[in-house]
There are 2 protein chains.
Amino acid sequence: MARWEPNAQERLLHAAVDLFVEQGYDATTVNEIADRAGLTKTTFFRHFRDKREVLFAGQDLHTGLLNDAVAAVPASATPLEAVGAALDALTAFWADDRREFSAKLRPVIAGHTELQERAALKRAKLTDALTGALHQRGVPEPTAGLAAELGIRAFYQAFDQWVAPANGQSLTALTRDTFSTLRAALTTLT
Amino acid sequence: MARWEPNAQERLLHAAVDLFVEQGYDATTVNEIADRAGLTKTTFFRHFRDKREVLFAGQDLHTGLLNDAVAAVPASATPLEAVGAALDALTAFWADDRREFSAKLRPVIAGHTELQERAALKRAKLTDALTGALHQRGVPEPTAGLAAELGIRAFYQAFDQWVAPANGQSLTALTRDTFSTLRAALTTLT
DNA sequence: GGAGTGATGTGACTTGGTAACATCACCATA
DNA sequence: TATGGTGATGTTACCAAGTCACATCACTCC
């Protein structure tokens with residue numbers, strides 16, 4: 001596979017995150033990342049579309065999870081029940097061993113507009129994917145869009161809590177709680 | 001003011017949009033834009049943070065509109081009524097003479113991920129601003145966030161219709177319609 | 001053991017973006 | 001009218017992101 005060691009993409013990922021944490025995002029060049037991973041700049045760009053993407057890779061996978069989960073829900077389920085099932089499938093992906101990693105990334109992203117931009121688009125794409133999956137079930141607009149946005153909002157709010165230090169609950173549990181809180185809060189909208 | 005002609009920023013803006021439409025976004029260099037405006041690359045970057053920003057300038061102004069409008073609403077108004085007032089203030093900014101301009105920009109943005117990213121963050125910032133304005137009124141979470149997101153969603157959906165060709169209604173009217181449709185659809189969420 | 005294949009390396013290039021310093025127009029004031 | 005200050009602009013040089021064409025290596029399969 002690799003010219004030398006295997007797992008080039010993973011090596012690049014860890015080299016990048018380490019350097020970002022050590023010396024900051026824009027003080028780190030792609031050449032440095034590649035060097036630390038024992039590779040070259042060109043190879044970096046073969047694995048990641050750009051310097052930002054190294055922090056957001058694996059998105060297609062998440063949209064796939066949402067799609068599959070929604071498709072697997074019985075037809076009798078309501079839209080929000082389908083969204084709940086999708087969130088369960090999505091959050092199952094972040095086991096607790098990824099929490100520390102996510103926590104390290106948070107301040108890096110928070111400090112750079114270009115990274116927040118990418119994060120914002122990723123969130124929008126997740127919402128779109130979930131909306132599309134609901135359409136497949138026959139849920140019409142604007143219900144599908146609202147249900148999807150509510151679910152994704154629950155996910156992100158829960159994720160914020162999950163990466164905070166000293167949080168015992170799993171991401172799945174936190175997301176379920178947040179989702180039901182948001183559903184309940186819908187009645188307060190007047 | 002300007003070394004030669006006045007309105008440097010506006011000249012840069014129009015030069016950029018013209019060139020983007022003529023030959024595409026990434027086939028257009030910042031040097032070209034500056035040349036057409038009778039300026040230099042350095043001056044371009046004095047007026048716009050980067051090449052993308054030329055298509056999104058004036059955002060602070062929009063968040064300001066939201067803040068002012070929400071602050072001006074009587075304390076007796078409900079959260080969604082306050083959001084409605086904010087949308088009226090926001091949409092008043094796009095008179096019909098800006099419609100053609102916005103319509104030209106749409107395909108450019110749609111065709112470039114980096115521009116969609118910026119647009120996505122701008123939308124998130126608008127939502128944040130509206131949420132914060134509601135907090136100022138004493139609206140608690142998660143109600144404020146949900147109300148703001150509902151309003152911004154209405155705005156963007158209406159904007160999409162507004163820029164479509166042959167649409168007689170004003171952006172304000174379209175947004176009001178969309179907003180009330182979304183409010184009504186909340187009851188379909190189960 | 002040779003051919004094919006996929007991942008990597010090399011080197012050159014374009015362009016976005018920054019920084020230091022010089023220059024020009026304009027305005028106030030003496 | 002001269003003088004000096006102020007903002008906006010120009011010049012030049014530079015760095016780093018990202019692309020491309022082409023070479024090279026490891027591995028596998030006949």
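All chains are named by letter (A, B, ...) in the order of the sequence lines, taking the proteins before the strands, and each is independently numbered beginning at 1. What you see is a predicted model; the values in this text were computed from it and never measured.
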Using only side-chain N and O atoms of A:His47, determine if any of them is under 4.0 Å from OP1 or OP2 of C:dT8.
yes
Taking salt bridge (charged side-chain N to carboxylate O under 4.0 Å, His left out) as the definition, give me every residue that meets it alongside A:Asp88, ordered by chain and number, with sequence neighbours left out.
A:Arg176
Those residues that, when tested against B:Asp160, pass side-chain contact (heavy atoms from CB on, under 4.5 Å) (two or more places apart):
B:Arg106
Could you tell me how far apart A:Gln9 (CD) and C:dG6 (P) are, to the nearest whole angstrom?
18 Å
Please set out all donor-acceptor pairs under 3.5 angstrom arising from side-chain atoms of residues 73-87 of chain B, sequence neighbours excluded.
from: B:Thr78; atom 1: OG1; to: A:Thr190; atom 2: O; distance (Å): 2.8
from: B:Thr78; atom 1: OG1; to: B:Glu81; atom 2: N; distance (Å): 3.2
from: B:Glu81; atom 1: OE1; to: B:Thr78; atom 2: N; distance (Å): 2.9

Is there any protein nitrogen or oxygen under 3.5 Å from a nitrogen or oxygen in nucleotides 10-17 of chain C, and what are the pairs?
from: C:dT10; atom 1: O4; to: A:Thr42; atom 2: OG1; distance (Å): 3.3
from: C:dG11; atom 1: O6; to: A:Thr42; atom 2: OG1; distance (Å): 3.4
from: C:dG16; atom 1: OP1; to: B:Lys51; atom 2: NZ; distance (Å): 3.2
from: C:dG16; atom 1: OP2; to: B:Val30; atom 2: N; distance (Å): 3.3
from: C:dG17; atom 1: OP1; to: B:Arg52; atom 2: NH2; distance (Å): 2.7
from: C:dG17; atom 1: OP2; to: B:Lys51; atom 2: N; distance (Å): 2.7
from: C:dG17; atom 1: N7; to: B:Lys41; atom 2: NZ; distance (Å): 3.1
from: C:dG17; atom 1: O6; to: B:Lys41; atom 2: NZ; distance (Å): 2.6

Identify all side-chain donor-acceptor contacts of residues 180-187 of chain B below 3.5 Å with residues at least two apart in sequence or on another chain.
from: B:Ser180; atom 1: OG; to: B:Asp177; atom 2: O; distance (Å): 3.0
from: B:Thr181; atom 1: OG1; to: B:Asp177; atom 2: O; distance (Å): 2.9
from: B:Thr187; atom 1: OG1; to: B:Ala184; atom 2: O; distance (Å): 2.9

Atom CG of B:Leu39 and atom P of D:dG7: how far apart are they, to the nearest Å?
20 Å
Sorted by chain and number, sequence neighbours left out, side-chain contact (heavy atoms from CB on, under 4.5 Å) with B:Thr40 holds for B:Thr42, B:Thr43
